[in-house]
K.L.:
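For reference, the structure I am asking about is given below.
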Amino acid sequence: MIKKWFAAGTIGAALTLSACGSDTTEVNEEQDTTASESVEETEEEVGEAEEEPAEEEAAAEEETEESEAGKRSNPVAVGETKVVDITIFDNESNSYEGKAEITVNSITRGEEAWEEIQSTNEFNEEPAEGHEYLMADVTATLVEAETEDYAWYLDAMNFNFIGSDGSPYDWTSVVVEPELNGEVYEGGTLEGKVTNMVKQDDPILLVFEDGNWDNVFFSTEE
């Protein structure tokens, strides 16, 4: 009888341990599943957190590129000042870097421009049919230079007139007063007119090539 009870007790204990073991296994599996889901959620959150700054940075760069004045797609407005890189040369063609502020102060074109040009010099060429003169009043100040011994030379022909079709205009020789032309040392300022004959009503861009061979575009629309 005692052996039977012992055997029965042993079997019952084994069944109880087996049940407990099964429950423990299920709990462990649930914990593993929960932990795995938590890790996946954390990785997704980290990935989203990394994507957001990257997207914001890309948007900021795009906005900066779009808003940078001086590009053909976004020319410097009349009356606005643009700082440009310039190059100064000495008598032996050694170069020195510098920075200048350039402003297109105002634009005169059409009949008003021709009257001023004709009154300045009666031998100035009359506009061809379908054409007119465009006159830009420009100020340039040399704000920074690597040398104080040599001057920066600036001339009206440092600018080009670009038409709406993207092509440059040939220069028309015309006498105006004062023409943008001269040498200036650090801190000095030049002011004068940049003038050329263009097609009537053609939206012209005035282009200055800076010391890095980059084009800086100025609007002529007021």
Side-chain angles (χ1 to χ4, degrees), residues 62-89 93 95-110 112-114 116-117 120 124-125 127-128 130-145 151-184 188-222:
E62 182 177 351
E63 183 177 351
T64 299
E65 183 175 347
E66 290 177 352
S67 62
E68 182 182 356
K71 302 295 185 183
R72 184 169 180 241
S73 59
N74 185 24
V76 181
V78 175
E80 296 293 324
T81 299
K82 178 69 175 178
V83 177
V84 300
D85 295 319
I86 60 92
T87 303
I88 300 169
F89 295 95
S93 297
S95 62
Y96 305 88
E97 296 180 355
K99 292 186 180 297
E101 294 179 344
I102 295 180
T103 308
V104 175
N105 303 303
S106 63
I107 298 294
T108 306
R109 65 187 299 172
E112 183 180 355
W114 169 236
E116 182 174 340
I117 291 168
T120 300
N124 279 328
E125 180 183 351
H131 289 69
E132 62 185 358
Y133 279 107
L134 187 153
M135 186 161 38
D137 183 78
V138 176
T139 298
T141 300
L142 183 60
V143 295
E144 184 179 317
W152 173 47
Y153 176 74
L154 180 64
D155 183 83
M157 295 190 72
N158 290 127
F159 294 84
N160 282 317
F161 289 70
I162 305 297
S164 56
D165 63 355
S167 302
Y169 278 89
D170 292 332
W171 276 97
T172 299
S173 179
V174 57
V175 177
V176 295
E177 291 293 342
E179 185 179 29
L180 184 67
N181 180 284
E183 293 184 336
V184 61
T189 298
L190 285 173
E191 183 173 357
K193 296 171 182 176
V194 180
T195 308
N196 202 12
M197 189 186 298
V198 299
K199 293 178 182 177
Q200 289 179 347
D201 301 321
D202 191 7
I204 301 298
L205 289 175
L206 199 61
V207 184
F208 175 80
E209 188 177 87
D210 69 12
N212 297 317
W213 308 104
D214 290 329
N215 288 330
V216 181
F217 293 83
F218 292 84
S219 175
T220 63
E221 300 292 316
E222 293 187 289

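Computed from a predicted model, the values in this text were never measured in an experiment.
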K.L.:
Heavy atoms, side chains only, cut-off 4.5 Å: are Ile86 and Val84 in contact?
P.N.:
yes

K.L.:
The criterion is side-chain contact (heavy atoms from CB on, under 4.5 Å); which residues satisfy it with Glu112, sequence neighbours excluded?
P.N.:
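Once residues adjacent in sequence are excluded, the partners of Glu112 under the side-chain contact (heavy atoms from CB on, under 4.5 Å) criterion are Thr108.
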
K.L.:
Closer than 3.5 angstrom, by distance alone: can the side chain of Thr141 be matched with the main-chain N or O of Val143 as a donor-acceptor pair?
P.N.:
no

K.L.:
Once you round to the nearest 0.5 Å, how far does CD1 of Ile204 lie from CD of Glu221?
P.N.:
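One gets 8.5 Å once the value is rounded to the nearest 0.5 Å.
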
K.L.:
Quick check: closest heavy atoms across Leu205 and Ser219, and the distance to 0.1 Å?
P.N.:
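Looking at all heavy atoms of both residues, the closest pair is CD2-CA, 4.1 Å.
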
K.L.:
Residues in salt bridge (charged side-chain N to carboxylate O under 4.0 Å, His left out) with Lys82, at least two apart?
P.N.:
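Partners of Lys82 by the salt bridge (charged side-chain N to carboxylate O under 4.0 Å, His left out) criterion come out as none, since no residue qualifies.
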
K.L.:
For a quick test of your reading: what N or O donor-acceptor pairs under 3.5 Å do the side chains of residues 156-165 make, sequence neighbours left out?
P.N.:
residue, atom, partner, partner atom, Å
Asn158, OD1, Asp155, N, 2.6
Ser164, OG, Asp202, OD1, 2.8
Asp165, OD1, Ser167, N, 3.0

K.L.:
Holding to side-chain contact (heavy atoms from CB on, under 4.5 Å), I want the full list of residues that pass it with Gln200, two or more places apart in sequence or in another chain.
P.N.:
Glu132

K.L.:
Show the nearest heavy-atom pair for residues Ile88 and Ala145, with the distance to one decimal.
P.N.:
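Scanning both residues, the minimum pair turns out to be CD1-CB, 3.7 Å.
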
K.L.:
Sequence neighbours excluded, which residues qualify as ring pair (Phe, Tyr, Trp, His ring centres under 6.0 Å) partners of Tyr169?
P.N.:
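Result, ring pair (Phe, Tyr, Trp, His ring centres under 6.0 Å) vs Tyr169: none returned.
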
K.L.:
Which residues pass the side-chain hydrogen bond (donor to acceptor under 3.5 Å, both in side chains) test with Thr87, sequence neighbours left out?
P.N.:
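Residues passing side-chain hydrogen bond (donor to acceptor under 3.5 Å, both in side chains) with Thr87: none at all.
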
K.L.:
If every non-hydrogen atom of Pro178 is compared with every non-hydrogen atom of Glu191, which pair is closest and at what distance?
P.N.:
CG-O, 4.2 Å

K.L.:
Verify, without hydrogens or angle tests, whether Lys193 (side chain) and Glu177 (backbone) share a donor-acceptor contact under 3.5 angstrom.
P.N.:
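Side chain of Lys193 to backbone of Glu177: a pair is present.
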
K.L.:
Run the salt bridge (charged side-chain N to carboxylate O under 4.0 Å, His left out) test against Asp85 and tell me which residues pass, sequence neighbours left out.
P.N.:
Lys99

K.L.:
Within the 4.5 Å heavy-atom criterion, are Phe218 and Pro75 side-chain neighbours or not?
P.N.:
no

K.L.:
Using side-chain heavy atoms (C-beta onward) and a distance below 4.5 Å, is Arg72 in contact with Asn215?
P.N.:
no

K.L.:
Measuring from atom OG1 of Thr172 to atom NE2 of His131, what distance do you get when rounded to the nearest 0.5 angstrom?
P.N.:
8.0 Å

K.L.:
Just so I know, are the side chains of Ile107 and Leu206 near enough to count as touching, which here means a heavy-atom distance under 4.5 Å?
P.N.:
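In short, these two side chains do not touch, never coming nearer than 4.5 Å.
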
K.L.:
Identify, with sequence neighbours excluded, every residue that meets side-chain hydrogen bond (donor to acceptor under 3.5 Å, both in side chains) alongside Thr139.
P.N.:
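side-chain hydrogen bond (donor to acceptor under 3.5 Å, both in side chains) list for Thr139, sorted by chain: Asn105.
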
K.L.:
Which heavy-atom pair separates Ala136 from Val104 by the least distance, and what is that distance?
P.N.:
CB-CG1, 4.3 Å

K.L.:
side-chain contact (heavy atoms from CB on, under 4.5 Å) with Leu190: which residues, sequence neighbours excluded?
P.N.:
Leu154, Leu180, Val184

K.L.:
Do the non-hydrogen side-chain atoms of Thr195 and Ile117 ever get within less than 4.5 Å of each other?
P.N.:
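A side-chain contact exists here, since the closest heavy-atom pair is under 4.5 Å.
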
K.L.:
Answer yes or no: is there a side-chain heavy-atom contact under 4.5 Å between Thr220 and Val78?
P.N.:
no

K.L.:
Less than 4.5 Å apart, side chain to side chain, heavy atoms only: is that true for Glu125 and Tyr133?
P.N.:
yes

K.L.:
If you round to the nearest 0.5 Å, how far is CE of Met135 from CG of Asn196?
P.N.:
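So the gap between those two atoms works out to 12.0 Å.
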
K.L.:
Kindly write out the residues that satisfy side-chain hydrogen bond (donor to acceptor under 3.5 Å, both in side chains) with Thr103, not counting sequence neighbours, or none if the list is empty.
P.N.:
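Testing Thr103 for side-chain hydrogen bond (donor to acceptor under 3.5 Å, both in side chains), a comparison that skips the adjacent residues, returns Thr81.
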
